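Every value quoted in this text rests on a predicted model; they were computed, and no experiment measured them.
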Amino acid sequence: MTMQTHLLFMYTESSLHAGTGSTVSVVDLPIQRERTTQYPIVQGSGVKGALRSSVPVSNESVAVFGPDTDKAAEFAGAVSVGDAHVVLFPVRSLNGVFAYATCPQVLARLQRDGAGIVAPTEDDLKKGALVTTSSAIAVKDSVVLEEFSFNVLANNGVDTIAGWLAANALPAGVEYQFWRDKLLKSLIILPDNDFRDFAVSSTEITTHVRLQPDTKTVATGALWTQEALPADTLLVSRVVARTTRSEKLKMSAD
């Protein structure tokens, strides 16, 4: 069976709520997260559903994504979509407005998935977080993110990672030139624990209400909070394409 694996990068141009439903936490509608790391994710089923809804229904789309629910038992689709994991998380910066934050664990996973990068290790960060040699977020030897200050070191390896992401993970259109250039100057690699703290605590929390249509006052009990990934978050999902399993709709993974 022919099989190909590709990386699908997703860049949030606005806040994104991929929810889990109700919860017992202080946030009524939290976002999806990994169980162990608590990093934000978008479950693969949601990513695949969004891809499927973006193409017209045809024999080709049925072969790729599989038949409708009432015929799902007939055969599986030729494409499998994994969970979308966070790669870059935007964090407010004292200099440069915001930084694209990541960490060795996230980059090691990206490297394992086939990206053309070499992830640093936690040992590489013993003397400070790593930034590019042309960093726009560093002031002398420090970077202030939210209310926290980090000692930083300029590193040529970070230039290479930022260059690969700018060239391969962001859209190629001219409208994204600013963001590709910013990535080259605003990437920071934090220790794993510090990155996790930002990924857990620096998401957007908004309060929503439902109004009574006649009085335009808040309906009883209709007040809730919702969590979302902030704009300018970068995620990645592994997409595996195989030869279709349908006997009627033959199609190669190529």
Is there any ring-ring contact (aromatic ring centres under 6.0 Å, His included) pair reaching into residues 118-137, and which pairs are they, with sequence neighbours excluded? none
Is a donor on one side and an acceptor on the other found under 3.5 Å between the side chain of Ser61 and the backbone of Pro56? yes
In this structure, would Phe198 and Val158 fall into the same cluster of hydrophobic residues linked by side-chain contacts under 4.5 Å? no
Can you tell me if Asp141 uses its side chain to pair, donor with acceptor, with the backbone of Asn151 under 3.5 Å? no
Could you check whether any side-chain N or O of Asp159 sits under 3.5 Å from a backbone N or O of Thr133, counting only pairs where one atom can act as donor and the other as acceptor? yes
Quick one: side chain to side chain contact (heavy atoms under 4.5 Å, CB included) partners of Lys48, sequence neighbours excluded? Phe65, Val81
Residue pairs fulfilling salt bridge (charged side-chain N to carboxylate O under 4.0 Å, His left out) with at least one residue in residues 123-136, sequence neighbours excluded: Asp123-Lys126
Hey, what do you get for OG1 (Thr203) to CG (Leu16), rounding to the nearest 0.5 Å? 12.0 Å
Minimum heavy-atom distance between Ala138 and Val143, given as atom pair plus value: CA-CG2, 3.6 Å
Linked, directly or transitively: Leu234 and Leu7 (ILVMFWY side chains, under 4.5 Å): yes
Tell me which pairs pass ring-ring contact (aromatic ring centres under 6.0 Å, His included) where either residue lies in residues 101-129, with sequence neighbours left out. none
Under a 4.5 Å cut-off applied to non-hydrogen side-chain atoms, are Leu88 and Leu183 in contact? yes
Would you check if the side chain of His17 reaches a backbone N or O of Glu227 as a donor-acceptor pair within less than 3.5 Å? yes
With hydrophobic residues grouped by side-chain heavy-atom distances under 4.5 Å, do Leu187 and Leu110 end up in a single group? yes
Once you round to the nearest 0.5 Å, how far does CG of Asp194 lie from CD1 of Ile189? 13.5 Å
Closest non-hydrogen atom pair between Met10 and Ala84, with its separation: CE-CB, 3.3 Å
Donor-acceptor contact below 3.5 Å, side chain Ser135 vs main chain Thr132: no
For Gly19 versus Gln32, what's the shortest heavy-atom pair and its separation? O-NE2, 3.1 Å
How would you list all residue pairs meeting ring-ring contact (aromatic ring centres under 6.0 Å, His included) that involve residues 201-239, not counting sequence neighbours? His208-Trp224
With sequence neighbours left out, write down each residue that passes salt bridge (Lys or Arg N to Asp or Glu O under 4.0 Å) with Asp113, or none if nothing qualifies. Arg238
Which pairs, with at least one residue in residues 104-148 and sequence neighbours excluded, count as a ring-ring contact (aromatic ring centres under 6.0 Å, His included)? none
Going by side chain to side chain contact (heavy atoms under 4.5 Å, CB included), name the residues that satisfy it together with Gln177, two or more places apart in sequence or in a different chain. Arg180, Asp181
Donor-acceptor list for residues 95-105 side chains, cut-off 3.5 Å, not counting sequence neighbours:
residue: Asn95; atom: ND2; partner: Ala136; partner atom: O; Å: 3.0
residue: Tyr100; atom: OH; partner: Tyr11; partner atom: OH; Å: 2.7
residue: Thr102; atom: OG1; partner: Val87; partner atom: O; Å: 2.9
residue: Gln105; atom: OE1; partner: Tyr39; partner atom: OH; Å: 2.7

Would you say Glu204's side chain and Leu229's backbone share a donor-acceptor pair under 3.5 angstrom? no
Any side-chain heavy-atom pair of Leu190 and Leu145 under 4.5 Å: yes
Apply side-chain contact (heavy atoms from CB on, under 4.5 Å) to Val106 and His85, showing your working. CA-CA 9 Å; Val106 166; His85 300 274; over 6 Å; no
Side chains of Leu8 and Leu51 in contact at under 4.5 Å (non-hydrogen atoms): yes
Could you verify whether a donor N or O on one side chain and an acceptor N or O on the other, from Glu34 and Thr37, lie under 3.5 Å apart? yes
Tell me which donor-acceptor pairs under 3.5 Å the side chains of residues 160-176 have, and how far apart each pair is, sequence neighbours excluded?
residue: Thr160; atom: OG1; partner: Asn156; partner atom: O; Å: 3.4
residue: Asn168; atom: ND2; partner: Trp164; partner atom: O; Å: 2.8
residue: Tyr176; atom: OH; partner: Glu13; partner atom: OE2; Å: 2.5

Cluster overlap Leu130 with Ile117, hydrophobic side-chain contacts below 4.5 Å: yes
Considering non-hydrogen atoms only, spot the tightest contact between Ser142 and Ser149 and give its length. CB-OG, 4.1 Å
Salt bridge (Lys or Arg N to Asp or Glu O under 4.0 Å) with Arg92: which residues, sequence neighbours excluded? Glu146
Val200: partners by side chain to side chain contact (heavy atoms under 4.5 Å, CB included), with sequence neighbours left out: Arg33, Gln38, Arg196
Cluster overlap Leu107 with Leu184, hydrophobic side-chain contacts below 4.5 Å: no
Spell out, as yes or no, whether a donor-acceptor pair under 3.5 Å connects the side chain of Thr12 to the backbone of Thr233. yes
Smallest separation among heavy atoms of Ile31 and Pro40, with atom names: CD1-CB, 3.9 Å
Can you name the nearest heavy-atom pair linking Ala108 to Ala119, along with the distance? N-CB, 3.4 Å
